[in-house]
Amino acid sequence: MTGAAPRRVGRPILSQHWRNVLFLHWPVRPPAVADLMPPGVAPDVCNGTSWVGLVVFGTERTGPGPGGGIPYFGTFPEVNVRLYSVDGRGRRGVVFRSLDCPRLAAVLVGRAALGLPYRWSETHWTAEDGALHLASRLRGPAGSRAGCVLRAEVGPGLERPGPLAEFLTARWGLHTRTRGRTVYLPVEHPRWPLHRARLRELDQDLLPAAGVEAAGPPASVLFSPGVPVRFGPWTPVD
C-alpha cells in the first residue's frame, strides 16, 4: 500500500472533489467478511487484520470526464460502509456495503451504471471550525430506516500517518459487481492530508444493516479536509 496513487488515470470517466472526510474504522476478522466480497475478490489485510470503515464526506463538482461538474446534482453529502479488498492481480481497493446520499439522481445513476449499493437518505453533514456533525437516516418505511448520528472534533495534523492510516485511506480503486461480472474501477487523487480526530458521539446501525458486526468504539478516527478525485474506466477481474 502506498500513500500516492500507483497508477495514473489518463482519461477519467468521472471526476469530483471530496471535502471534509471523516474516517471511522473497526478491525474485523477476514473470514467474517470474506462472504461479503464479490467473486474474484478477497479481504485485504494489514498485519493479519481486515477492517470495516464508516466514512462520511461532502462531494462537490461531480461530473463526467475531467470537467467542472454538474451544479446542484453534483454536490451532496455521502455516508458509506466499506470493506477492504484485493483481487488476483494484487489491485487493492474497497467494496462498498452501502452508500447513502440525499441526491436521488446520484443514487439512480450509481446503482444503474456500476451496480453500487446507493440508497436514498436524509443526510446532513456539517464541518465548521473543527466541529463535525452528521445526521443521516434512510428514506422509506420506519422499520428499514438505518442511520447514523455523530459528532467529532478535528485534531492535529499527521506529518507521518503510518502504515495503518495509509492502508485505511489510500485505496486506489473499488471492486464491484455489475452486469454479471466483477470489475475494478481505478481511482487517482493526491496524497491525503490527514488529521487525528476525536469522536464525541456516535449512534449508528449502518454497520449491522450492512451485514458487518463490529463491537465497541472505532479503533481509528481520522479526518481530511479533502482531495480532488478522478475515476478511470473499469476493467474485469480475472
Output yes when a side-chain donor or acceptor of [X] lies under 3.5 Å from a complementary backbone atom of [Y], and no otherwise.
X: Ser224; Y: Leu194; answer: no
X: Trp125; Y: Asn20; answer: yes
X: Trp120; Y: Val107; answer: no
X: Glu166; Y: Thr169; answer: no

Taking all atoms of both residues into account, what is the closest heavy-atom pair of [X] and [Y], and its distance?
X: Pro39; Y: Thr182; result: O-OG1, 2.8 Å
X: Pro233; Y: Leu185; result: C-CD1, 4.0 Å
X: Thr178; Y: Leu114; result: CB-O, 3.5 Å
X: Cys148; Y: Leu202; result: SG-CD1, 3.8 Å
X: Gly147; Y: Asp205; result: N-OD1, 2.7 Å
X: Pro12; Y: Gly10; result: CD-O, 3.6 Å

Q. Quick one: ring pair (Phe, Tyr, Trp, His ring centres under 6.0 Å) pairs with a partner in residues 76-98, sequence neighbours left out?
A.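 Output for this query lists His25-Tyr84, Tyr84-Phe167.
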Q | side-chain hydrogen bond (donor to acceptor under 3.5 Å, both in side chains) partners of residues 102-112, not counting sequence neighbours, each pair once | A |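 Those involving residues 102-112 are Tyr72-Arg103.
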Contact between [X] and [Y] at the side-chain level, heavy atoms closer than 4.5 Å - yes or no?
X: Leu22; Y: Phe57; answer: no
X: Gln16; Y: Arg61; answer: no
X: Pro193; Y: Val227; answer: yes
X: Tyr118; Y: Glu78; answer: yes
X: Val41; Y: Val86; answer: no
X: Pro228; Y: Pro190; answer: yes
X: Val95; Y: Pro38; answer: yes
X: Val55; Y: Val21; answer: yes

Q) With Ala209, which residues qualify under side-chain contact (heavy atoms from CB on, under 4.5 Å), at least two apart? A)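 In terms of side-chain contact (heavy atoms from CB on, under 4.5 Å), with neighbours along the sequence ignored, Ala209 is linked to Ala146.
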Q) Which residues pass the side-chain contact (heavy atoms from CB on, under 4.5 Å) test with Pro43, sequence neighbours left out? A)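 Once residues adjacent in sequence are excluded, the partners of Pro43 under the side-chain contact (heavy atoms from CB on, under 4.5 Å) criterion are Pro30, Val33, Ala34, Met37, Ser50.
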Name each donor-acceptor pair under 3.5 Å that joins a side chain in residues 210-223 to protein atoms two or more places apart or in another chain, with its distance.
none

Q.
For a side-chain contact (heavy atoms from CB on, under 4.5 Å) check, start with the C-alpha distance between Thr123 and Leu134, then their side-chain angles and the critical distance, and finish with the verdict.
A. CA-CA 7 Å; Thr123 298; Leu134 170 72; 3.9 Å; yes
Only pairs under 3.5 Å count here: list side-chain donor-acceptor contacts from residues 149-157, not counting sequence neighbours, and write none if there are none.
residue: Arg151; atom: NE; partner: Glu201; partner atom: OE1; Å: 3.2
residue: Glu153; atom: OE1; partner: Arg200; partner atom: NH2; Å: 3.3
residue: Glu153; atom: OE2; partner: Arg200; partner atom: NE; Å: 3.3

Q | Audit row: Val81, Ser98, side-chain contact (heavy atoms from CB on, under 4.5 Å) steps and yes/no | A | CA-CA 5 Å; Val81 175; Ser98 62; 3.5 Å; yes
With sequence neighbours excluded, residues passing salt bridge (Lys or Arg N to Asp or Glu O under 4.0 Å) with [X]:
X: Arg97; answer: none
X: Arg8; answer: Glu188
X: Arg177; answer: none
X: Asp238; answer: Arg89

Q) Salt bridge check: are Arg137 and Asp100 linked by an N-O gap of less than 4.0 Å? A)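 A salt bridge is absent here (no side-chain N lies under 4.0 Å from a carboxylate O).
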Q. Who passes ring pair (Phe, Tyr, Trp, His ring centres under 6.0 Å) against Phe23, sequence neighbours left out?
A.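 Applying ring pair (Phe, Tyr, Trp, His ring centres under 6.0 Å) to Phe23 gives Trp192.
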Q | Check against side-chain contact (heavy atoms from CB on, under 4.5 Å), Arg171 and Asp44 | A | CA-CA 11 Å; Arg171 312 300 301 188; Asp44 198 8; 2.9 Å; yes
Q) Atom CZ of Arg230 and atom OG of Ser15: how far apart are they, to the nearest 0.5 Å? A)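 Output value for this atom pair is 7.5 Å.
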(Q) Return the OG1 to CG distance between Thr176 and Leu116, rounded to the nearest 0.5 Å. (A)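 Spacing of OG1 (Thr176) from CG (Leu116) equals 4.5 Å.
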Q) Should Leu108 and Leu14 be counted in the same cluster of Ile, Leu, Val, Met, Phe, Trp and Tyr side chains packed under 4.5 Å apart? A)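 Same cluster: Leu108 reaches Leu14 through Ile, Leu, Val, Met, Phe, Trp or Tyr contacts under 4.5 Å.
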Q. Linking I/L/V/M/F/W/Y whenever their side-chain heavy atoms sit closer than 4.5 Å, directly or via other members, would Val79 and Val109 fall into one cluster?
A.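 No; tracing contacts between hydrophobic side chains, which count when under 4.5 Å, never links both residues.
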Q) What pairs with Arg179 under side-chain hydrogen bond (donor to acceptor under 3.5 Å, both in side chains), at least two apart in sequence or on another chain? A)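 Residues passing side-chain hydrogen bond (donor to acceptor under 3.5 Å, both in side chains) with Arg179: none at all.
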Q: Walk me through it: do Leu206 and Leu54 pass the test side-chain contact (heavy atoms from CB on, under 4.5 Å)?
A: CA-CA 8 Å; Leu206 294 178; Leu54 176 62; 3.9 Å; yes
Q | Arg139 CZ: over 12 foreign heavy atoms closer than 6.0 Å | A |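 Yes - once you tally the heavy atoms of other residues, nucleotides and ligands closer than 6.0 Å, there are more than 12.
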Q) Between Thr235 and Arg91, does a side chain to side chain donor-acceptor pair (under 3.5 Å) hold up when you go through it step by step? A) CA-CA 11 Å; Thr235 56; Arg91 296 176 297 187; 2.8 Å; yes
